[in-house]
Amino acid sequence: LDIYWRKKKYEKNFLNLFVSMSFFPQMVQGPIARYPKLIEQVKELKGFDYQRFCMALQLMLWGYFKKLVIADRISVFVNQVFGNIGYYRGLIFVLALMASAVQLYADFSGCMDIVEGVAELFGIKLDKNFDLPFSSQSTAEFWRRWHISLGAWLKEYVFYPVSLSGHFKKVNTFTKKHIKSQHIVGFITIAYTLFFVWFCNGLWHGASWLYIVYGLYYYVLMMLGKFTEPYTDKLAKKLH
């Protein structure tokens with residue numbers, strides 16, 4: 001797509017292409033390495049650097065700590081509760097739900113740290129995938145901080161192509177012609193493009209309707225937030 005859209009010139013060196021397309025650390029879980037950025041780093045690979053090597057090992061150790069010490073230990077408690085629903089009541093479920101969120105984050109971000117550390121050993125800098133997602137103040141902000149490389153990929157290869165498509169331009173023209181409220185017009189246009197983004201987000205997590213519903217669940221939450229934004233902003237100002 002990058003070559004087809006003329007964002008990147010085709011690569012003549014087969015070895016550079018092969019190394020960048022088969023770079024193994026990020027194959028299983030990510031982060032999603034964008035071809036133009038990755039192949040430029042492959043072309044400019046430098047020799048051994050002691051400082052970089054030490055920092056890479058530290059990042060890997062931190063990742064192993066999050067995965068093996070935090071996530072895997074929490075999973076014992078979470079699996080016990082969710083696997084024996086009939087034996088537990090009330091507050092224990094709330095604790096298990098909260099613990100499962102921490103487990104998921106520690107597991108996924110720990111693996112990302114390991115992957116980024118391994119890539120650093122070879123002199124390749126992969127994109128950051130997490131930025132304190134649990135400190136977010138909204139669902140939209142959470143997804144901007146969680147699995148950042150996936151969000152960037154969907155923005156580049158789904159959001160922009162849809163928003164520049166002929167069909168979208170027709171929808172945009174129709175809404176501007178028949179609807180006077182700028183807020184409603186803006187909401188419809190963003191809702192139209194983001195539907196495809198979140199449909200693909202769900203599909204990326206798994207090829208079943210369960211995951212598609214999962215993606216559209218977050219889509220509905222964010223659209224509700226977007227639609228009520230002018231009113232909630234006014235309310236927030238009144239309440240200081």
Exercise. Parallel, tilted or perpendicular for Tyr218 and Tyr214, by the 30°/60° rule?
Worked result: perpendicular
Exercise. Salt bridge between Lys125 and Glu116, side-chain N to carboxylate O under 4.0 Å?
Worked result: no
For this session: Say whether, by atom type as modelled, one donor and one acceptor occur between the side chain of Thr228 and the main chain of Tyr231 under 3.5 angstrom.
Result: no
For this session: Just do the salt bridge (Lys or Arg N to Asp or Glu O under 4.0 Å) check on Lys226 and Glu229 with the steps written out, would you?
Result: CA-CA 5 Å; Lys226 188 69 178 175; Glu229 192 174 36; 3.7 Å; yes
For this session: Say whether, by atom type as modelled, one donor and one acceptor occur between the side chain of Asn172 and the main chain of Phe168 under 3.5 angstrom.
Result: no
For this session: For atom NZ of Lys155, decide whether the heavy atoms of other residues, nucleotides or ligands shown that lie under 6.0 angstrom number more than 12.
Result: no
Problem set entry | Over 12 non-hydrogen atoms of neighbours within 6.0 angstrom of CH2 in Trp5 | yes
Problem set entry | Nearest-0.5 Å distance that lies between atom CG in Asn129 and atom CD1 in Ile32 | 7.5 Å
Exercise. Is the closest side-chain heavy-atom distance between Phe196 and Leu154 below 4.5 Å?
Worked result: no
Problem set entry | Any donor-acceptor N/O pair, Arg145 side chain to Asp131 backbone, under 3.5 Å | yes
Exercise. Can you tell me if CZ on Phe48 sees more than 12 non-hydrogen neighbours from other groups inside 6.0 Å?
Worked result: yes
For this session: Could you walk me through whether Lys8 and Glu40 pass the salt bridge (Lys or Arg N to Asp or Glu O under 4.0 Å) test, one step at a time?
Result: CA-CA 11 Å; Lys8 177 69 184 174; Glu40 289 304 320; 2.4 Å; yes
